[in-house]
Amino acid sequence: MLALVDFFCLSLYFFFNKILFCYFIAVFVFYYLNSISWGGLYFFFDSSIYLVLVFMSIFILGLICLSEKKIILVMLTELLIIICLFFFVSINMFMLYIMFELSIFPILIMILGYGSQVEKINASYYLVFYAVFCSSPFLYVYFTSSYSMFFAYYNMVMSWEMVFFLSLCFLVKFPVYFLHLWLPKAHVEAPSTASMLLAGLLLKLGTGGYLRIMSTYNNIYLLSWIIISFMGMILGSFLCIFQSDAKSVAAYSSIVHMSFVFFSLLILCKSAKLGGILMMISHGYVSTLMFYLIGEFFHQSGTRIMSYLSGFMLSSMMLFYMVALVFLCNGGVPPSVSFFSEFMGLTGMFLLYKSFFSLLFFYFFVSFYFSIYILSSSMMGPSINNFFLWIFSYMLPGIILMFNFFWLSFLC
């Protein structure tokens with residue numbers, strides 16, 4: 001705990017210089033994780049999952065520090081990275097809940113302060129309402145347990161009401177279907193930096209918290225959650241096809257992929273859980289790069305309408321290859337990490353629920369269709385004037401991480 005206090009004080013010293021702050025975060029994370037491993041506290045990282053999320057936080061911080069010019073947005077990003085790092089290394093359930101809720105405020109300030117339309121007030125209202133309404137029961141569950149759940153894992157038998165209230169807190173940031181309405185509104189009204197943080201980090205906080213309460217399920221009432229995850233996968237894919245705003249397409253794509261993560265975790269077998277974790281990692285990098293590309297296109301052309309999202313092929317061949325790889329990885333094309341995650345999730349599902357295979361095949365068909373739709377819309381058509389960007393140099397580390405098989409060996 002003293003190391004975390006020292007980390008917070010030192011981070012304030014580098015807070016106003018984004019390059020030094022990025023280097024400081026990277027060095028301190030490696031030092032802190034090394035000391036934790038030698039101190040015997042590696043148990044609280046849940047078998048390397050949270051380590052991977054910490055590395056993802058460093059990547060997103062570096063991408064935003066390189067691309068963002070507004071110093072206030074960079075400072076809010078740094079604040080959110082600090083909160084997320086505290087969340088990932090927390091060993092107390094109450095501290096985990098506090099960091100989980102504090103992560104909303106930097107995003108809320110970004111939407112209200114740097115949104116370009118008056119609908120940002122409505123989007124902020126949706127974000128706060130869903131967060132407060134779904135997270136408040138968590139406090140009731142925590143305090144009625146007489147503080148017996150001190151550590152950051154719930155591993156006891158509970159009633160289905162308690163499990164439902166406990167799950168509701170984290171499922172709103174998956175987000176599962178019926179709790180997803182805040183996400184497209186927040187993405188559309190948020191600046192590009194906030195969208196990258198929403199897709200790359202905030203949705204992973206919901207997954208990280210949900211992994212800590214999975215031991216309370218005990219194979220009870222899983223079918224109802226599986227049906228909800230299927231609805232998010234299939235209906236979200238259809239919603240992607242009928243969207244006219246490119247950011248809305250990327251937002252509903254996030255809902256589709258996180259619903260697949262939710263479905264894979266609910267199967268409760270090792271291969272499916274590994275597939276869900278790999279999908280979560282792949283989604284963190286793919287969605288961050290998608291929102292980055294859409295934001296850069298908007299800054300050059302002044303529009304996000306899908307009909308005008310074109311000209312990448314004629315602007316720069318290097319940029320064309322990068323964009324094609326990002327959108328193909330979004331559709332799960334081999335040999336990307338997304339493909340292996342879907343394959344493992346499909347294997348685990350087929351071993352336990354063979355009757356769901358036709359529905360899952362339907363999901364794969366529709367989700368791949370809207371990924372090809374985005375790709376063909378962005379590649380073809382007239383080029384945008386002065387659309388020569390050096391963004392492919394910032395995207396290259398993310399492209400490598402999307403095809404990095406190291407995650408598979410690291411998580412097994």
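The basis for the numbers below is simple: all heavy atoms, side chains too, and nothing from hydrogens, waters or symmetry mates.
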What one should report as the nearest heavy-atom pair of Ala194 and Ile107 is O-CD1, 4.0 Å
Can you list the steps and then say if Met196 with Leu201 is a side chain to side chain contact (heavy atoms under 4.5 Å, CB included)? CA-CA 8 Å; Met196 293 161 62; Leu201 277 184; over 6 Å; no
Please give me the minimum heavy-atom distance between Ser167 and Trp225, naming the atom from each residue. CB-CZ2, 4.4 Å
So CG of Leu127 and CG of Leu183: to nearest 0.5 Å the spacing works out to 9.5 Å
Determine whether Tyr210 and Phe262 satisfy the following criterion, ring-ring contact (aromatic ring centres under 6.0 Å, His included), listing intermediate values before the conclusion. CA-CA 9 Å; Tyr210 185 78; Phe262 185 42; 5.5 Å; yes
Rounded to the nearest 0.5 Å, what's the gap from CD1 on Ile58 to CD1 on Ile81? Could you check? 9.0 Å
Decide yes or no for Leu102 and Leu80: does some side-chain heavy atom of the first lie under 4.5 Å from some side-chain heavy atom of the second? no
Residues Tyr177, Met233; criterion side chain to side chain contact (heavy atoms under 4.5 Å, CB included); working and verdict: CA-CA 9 Å; Tyr177 204 74; Met233 292 159 60; over 6 Å; no
Under a 4.5 Å cut-off applied to non-hydrogen side-chain atoms, are Ile277 and Leu211 in contact? yes
Classify the side-chain pair Thr77/Glu68 by whether it contains a donor and acceptor separated by less than 3.5 Å. no
Indicate the atoms forming the closest heavy-atom contact of Glu189 with Ala123, along with that distance. CG-CB, 3.8 Å
Are the side chain of Lys120 and the backbone of Ala186 linked by a donor-acceptor contact shorter than 3.5 Å? no
In terms of side-chain heavy atoms, does His187 have a donor or acceptor partner in Ser248 at a distance below 3.5 Å? no
Looking only at heavy atoms, what is the nearest atom pair of Leu239 and Gln243, with distance? O-CG, 2.9 Å
Do Trp182 side-chain atoms and Val172 backbone N/O form a donor-acceptor pair below 3.5 Å? yes
What class does the angle between the rings of Phe339 and Phe343 fall in, given that below 30° is parallel, 30 to 60° is tilted and above 60° is perpendicular? parallel
Atom pair CZ (Phe174) and OG (Ser254), whose distance is rounded to the nearest 0.5 Å: 13.0 Å
List the steps, then state whether side chain to side chain contact (heavy atoms under 4.5 Å, CB included) holds for Leu203 with Leu198. CA-CA 6 Å; Leu203 301 188; Leu198 266 172; 5.8 Å; no
Distance from Leu66 atom CG to Tyr292 atom OH, nearest 0.5 Å? 8.0 Å
Does the ring of Phe100 carry Lys173 above it, NZ/CZ under 6.0 angstrom from centre and within 45° of its axis? yes
Give a yes-or-no answer on whether the side chains of Asn330 and Ser338 include a donor-acceptor pair shorter than 3.5 Å. no
Work out which heavy atom in Met290 is nearest to a heavy atom in Ala250; give both atom names and the distance. CE-CB, 3.9 Å
Can you measure from OG1 (Thr193) to CD1 (Ile72) and round to the nearest 0.5 angstrom? 12.5 Å
Under 30°, 30 to 60°, or over 60°: which ring-plane class applies to His257 and His283, parallel, tilted or perpendicular? tilted
Taking Glu101 for its side chain and Tyr97 for its backbone only, find out whether a donor-acceptor pair lies under 3.5 Å. no
Do Lys204 and Met280 have side chains that approach each other closer than 4.5 Å (heavy atoms only, starting at C-beta)? yes
Ser57 side chain reached by Phe88 side chain, heavy atoms, under 4.5 Å: yes
Nearest 0.5 angstrom please: Thr288 OG1 to Ile60 CD1, how far? 4.0 Å
Go through the steps to decide whether Leu346 and Glu342 satisfy the test side chain to side chain contact (heavy atoms under 4.5 Å, CB included), and finish with yes or no. CA-CA 6 Å; Leu346 178 64; Glu342 291 178 349; over 6 Å; no
With a 4.5 Å limit on heavy-atom distance, are the side chains of Ile294 and Phe298 in contact? no
Looking only at the side chains, is there a donor atom on one of Ser264 and Lys273 sitting less than 3.5 Å from an acceptor on the other? no
Tell me, do Tyr252 and His180 make a side-chain contact under 4.5 Å, heavy atoms counted? yes
Which heavy atom in Ile83 sits nearest to a heavy atom in Ser103, and how many Å separate them? CG2-N, 3.9 Å
Side-chain (Ser135) to main-chain (Val132) donor-acceptor, under 3.5 angstrom: no
Does any non-hydrogen side-chain atom of Leu289 lie less than 4.5 Å from one of Met322? no
